[in-house]
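Just so we're clear, the structure is a prediction, and the values are computed from it rather than from any experiment.
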Amino acid sequence: MSPSRKLPTRRGKDLDITFDGRVVPCHEGDTVAAALLVAGIHEFGTTRDGDPRQPFCNMGTCFDCAVTIDGRPLIRACITPVRNGMDVNSTKGY
């Protein structure tokens with residue numbers, strides 16, 4: 001078995017977003033879901049029963065990754081690119 005190798009990658013410029021008041025560093029070109037997952041945030045909100053929600057399809061079909069962005073509810077994090085200073089909040093009970 002050959003060892004794995006890391007492919008060269010160019011990252012976009014450094015940005016910061018906030019999630020529930022916590023600063024999350026990310027890069028231009030990342031989606032909100034990718035930035036949150038890389039930061040170790042796995043719960044994007046809760047269901048009506050209080051169960052945790054996180055990305056499921058990662059292609060914008062379902063709404064399991066829905067968050068509130070800059071006051072707009074039910075935005076799919078998996079298809080939304082980050083913007084510097086974006087204010088992201090978890091959804092509760094959707």
Taking the side chain as every heavy atom from C-beta outward, state whether Met86 and Asp70 have any atom pair closer than 4.5 Å. yes

Look up atom [atom1] in [X] and atom [atom2] in [Y], then write down how far apart they are to the nearest 0.5 Å.
{"X": "Lys92", "Y": "Thr47", "atom1": "NZ", "atom2": "OG1", "value": "10.5 Å"}
{"X": "Thr46", "Y": "Asp51", "atom1": "OG1", "atom2": "CG", "value": "8.5 Å"}
{"X": "Ile17", "Y": "Arg83", "atom1": "CD1", "atom2": "CZ", "value": "10.0 Å"}

Connected to Phe63, directly or through other members, by ILVMFWY side-chain contacts below 4.5 Å are none

- Is there a chain of hydrophobic side chains (I, L, V, M, F, W, Y, each step under 4.5 Å between heavy atoms) that links Phe44 to Ile79? no

Show every donor-acceptor pair shorter than 3.5 Å between a side-chain atom in residues 18-38 and any protein atom, with sequence neighbours excluded, or say none if there are none.
residue, atom, partner, partner atom, Å
Thr18, OG1, Asp87, OD1, 3.0
Asp20, OD1, Ser90, N, 2.9
Asp20, OD1, Ser90, OG, 3.4
Asp20, OD2, Ser90, OG, 2.9
Arg22, NH2, Ala39, O, 3.0
His27, ND1, Arg11, NH2, 3.0
His27, NE2, Asp14, OD1, 3.2
Asp30, OD1, Arg11, NH2, 3.0
Asp30, OD2, Arg11, NH2, 3.3
Asp30, OD2, His27, N, 2.9
Thr31, OG1, Ala34, N, 3.1

State, to 0.1 Å, how close [X] and [Y] come at their nearest heavy-atom pair, and which atoms those are.
{"X": "Ile75", "Y": "Ile69", "value": "CG2-CD1, 3.5 Å"}
{"X": "Pro73", "Y": "Gly71", "value": "CD-O, 3.4 Å"}
{"X": "Pro52", "Y": "Glu43", "value": "CB-OE1, 3.4 Å"}
{"X": "Val67", "Y": "Ala77", "value": "CG2-CB, 4.1 Å"}
{"X": "Cys78", "Y": "Gly60", "value": "SG-N, 3.2 Å"}

